[in-house]
Amino acid sequence: MPLASELVQSCTTVFTLPEIYFRVRDVVDNPDSTMDELANVLKLDPAISARLLRIVNSPLYGFPKQIDTISRAVNIVGMQAINDLVTATTVGRTFAGMPIQLMDVPKFWRKSVLCALLAGKIAKSCEINDSERFFIEGLLRDIGHFVLYQTVPQRAQSALIEAGYLETSLAEVEQSNIGCDFAEVGAELIRSWGMPVQIEQAIRCQLSPNDAGEFIIHASIVHLAGVVADYEELEPSRRPPTFPFNPHAVTATRFVPANLPALLTDACAQLQDTLAVIQPRAIAA
C-alpha cells in the first residue's frame, strides 16, 4: 500500500500553491518588513488584490467606511490576518475547477470553513494568544482528502461508506483500506508546500494531540474543532450523546465544553459570509 508521502508526490504538480503565497509569507515572516512592503507584494497579483478589497469590505469584517486601497486594507486588517486571507484564497484557487472524482466538493468546503471558524473561536475561548492564527489550521484540517480523492478515489469513497456503516473512525478504515489516513496525507501535502511546522504538526497529530510535542496546543485545537465539524455533518439521529473529544486535547487547552453551544452558534452565523471568501467557485470567478 502507498505511503502518504508517495500519494502526495504523485500529484505535486497538480497541488501547487501560486508564487504570491510564498512572497507574502516571506514578508510576514521577516520581522523587519513594513506594511508598505506587504501592500506592494499584494499589488503584484491583481486578482488577489481585488479579492482582498472585496473581503475587507464584506460583512465578515463590518468596517463602517469603504476601504478602497490595498495599503489601507493592510494597515487596518494587519499582517497576520492578510497572511491568513492570502493562504485561504490561494489554497482555494489551487483546487478551483479541479476534477475530483466521487467527492462532494461544496460539502467539503462548507465543513472546512466551519472547522476553521470553530478553531479560532475555541482558541479564543481558551484565552490562547493569537487565536486567529488557528483559522488556517482548522481550514486545512481535512485537506488530505483532496489528495486521496485525486489519487485513490474508489478506495477513499469506500472507506467513507464503510466508516459510516460500521460507525467507526474514518481514519482507522483509511489506514486499513489505503495504508494511510487523511491526517497523514494532509500533513505531507502541507510539508511539501513548505508551510510552517506548527501547521503540519497540527494536521498530522490532530487525531492524537498528545503526540504533537511542543505543538500540542495546535493539534488539540484542530482536534476539538474537527470533532465538532464531524458531529455537525452527521444526521441528528446518528449523533453520539456526547462529543468524542480526546481528553489530552481538553486538558492541554483547558477547553470548557459547556461553552461549545455559543461558539457553534457564532461560527454558523458567520459561515455563509466566510464561505464566500474561501469557496473555490467564488475565488475562480
If you look only at distance, which donor and acceptor atoms sit under 3.5 Å apart when one is on a side chain in residues 111-121 and the other is two or more places apart or in another chain?
residue, atom, partner, partner atom, Å
Lys111, NZ, Asp230, OD1, 2.5
Lys111, NZ, Glu233, OE1, 3.0
Ser112, OG, Phe108, O, 3.0

Report the distance from atom CD of Glu235 to atom CZ of Arg238, rounding to the nearest 0.5 Å.
-> 8.0 Å

Any side-chain heavy-atom pair of Leu275 and Gln272 under 4.5 Å = yes

Can you tell me how far CD1 of Ile190 sits from CD of Glu137, rounded to the nearest 0.5 angstrom?
-> 8.5 Å

Qualifying residue, where the test is side chain to side chain contact (heavy atoms under 4.5 Å, CB included) with Leu189 and the options are Val8, Leu140, Ile203, Leu7 = Val8

Sequence neighbours left out, what passes salt bridge (charged side-chain N to carboxylate O under 4.0 Å, His left out) with Arg191? Give chain and number order.
-> Glu188

Evaluate the side-chain proximity of Val91 to Ile143: yes if any heavy-atom separation is below 4.5 Å, no if none is.
-> yes

Is there a side-chain contact between Val250 and Leu224 (heavy atoms, below 4.5 Å)?
-> yes

Salt bridge (charged side-chain N to carboxylate O under 4.0 Å, His left out) with Glu184: which residues, sequence neighbours excluded?
-> none

After noting the C-alpha distance and the side-chain angles of Ile221 and Phe255, does the key distance pass the side chain to side chain contact (heavy atoms under 4.5 Å, CB included) rule?
-> CA-CA 9 Å; Ile221 292 295; Phe255 177 59; over 6 Å; no

Which value, rounded to the nearest 0.5 Å, describes the distance between Arg155 atom CZ and Glu162 atom CD?
-> 13.0 Å

Minimum heavy-atom separation for Thr94 to Pro18, with atom names?
-> OG1-CD, 3.9 Å

Measure the shortest side-chain to side-chain distance between Thr253 and Ile122 over non-hydrogen atoms and say whether it is less than 4.5 angstrom.
-> no

Which donor-acceptor pairs under 3.5 Å do side chains of residues 72-82 form with protein atoms, sequence neighbours excluded?
residue, atom, partner, partner atom, Å
Arg72, NH1, Gln66, O, 3.1
Asn75, ND2, Ser71, O, 2.8
Gln80, NE2, Asp84, OD1, 3.0

Compare every heavy atom of Leu42 with every heavy atom of Ile20, then report the nearest pair and how far apart it is.
-> CD1-CA, 4.4 Å

Non-hydrogen atoms of Leu207 and Ala171 that approach each other most closely | CD1-CB, 3.4 Å

For residues 33-41, dump all side-chain donor-acceptor pairs below 3.5 Å to protein atoms at least two apart in sequence or in another chain.
residue, atom, partner, partner atom, Å
Ser33, OG, Val27, O, 2.8
Ser33, OG, Asn30, O, 3.3
Thr34, OG1, Glu37, N, 3.2
Glu37, OE1, Thr34, N, 2.8
Asn40, ND2, Asp36, O, 3.2

Across all chains, not counting sequence neighbours, the side chain to side chain contact (heavy atoms under 4.5 Å, CB included) partners of Pro196 are Tyr21, Arg25, Gln198, Ile199

Looking at side-chain heavy atoms only, is the closest gap between Val222 and Ser220 below 4.5 Å?
-> no

Point-to-point distance, once rounded to the nearest 0.5 Å, from OG of Ser176 to CG of Asp181 = 12.0 Å

Contacts satisfying ring-ring contact (aromatic ring centres under 6.0 Å, His included) that involve residues 26-56 (not counting sequence neighbours) are none

Locate the shortest heavy-atom distance separating Thr151 from Ser10; write the atom from each residue and the value.
-> CG2-OG, 3.4 Å

Under 6.0 Å from the CZ atom of Arg239, do we count more than 12 heavy atoms belonging to anything else shown?
-> yes

With clusters built from Ile, Leu, Val, Met, Phe, Trp and Tyr whose side-chain heavy atoms come within less than 4.5 Å, directly or transitively, what are the remaining members of the cluster of Leu166, listed by chain and number?
-> Tyr165

Of all heavy-atom pairs between Ala183 and Gln206, which one has the smallest distance, and what is that distance?
-> CB-NE2, 3.9 Å

Take Asp68 and Leu53 through the side chain to side chain contact (heavy atoms under 4.5 Å, CB included) test and state the conclusion after the steps.
-> CA-CA 7 Å; Asp68 54 5; Leu53 289 177; over 6 Å; no

For Phe243, the side chain to side chain contact (heavy atoms under 4.5 Å, CB included) test, sequence neighbours excluded, returns Val227, Val228, Tyr231, Phe245, Leu260

Side chain to side chain contact (heavy atoms under 4.5 Å, CB included) involving Asp130 - partner list, sequence neighbours excluded = Glu132, Arg133

Where at least one partner belongs to residues 177-228, residue pairs that pass ring-ring contact (aromatic ring centres under 6.0 Å, His included), sequence neighbours excluded = Phe134-His218, His145-Phe182

Any residue meeting side chain to side chain contact (heavy atoms under 4.5 Å, CB included) with Ala159, in chain and number order, not counting sequence neighbours = Leu170, Val173, Glu174, Asn177

If we only count heavy atoms from C-beta on, is the Arg204 to Gln201 side-chain gap below 4.5 Å?
-> yes

Which pair of non-hydrogen atoms, one from Asn246 and one from Ser208, has the smallest distance, and what is that distance?
-> ND2-CA, 4.4 Å

Any donor-acceptor pair under 3.5 Å from Gln157 side chain to Gln154 backbone = no

Mark yes or no for whether Asn57, through its side chain, and Ile67, through its backbone, hold a donor-acceptor pair below 3.5 Å.
-> yes

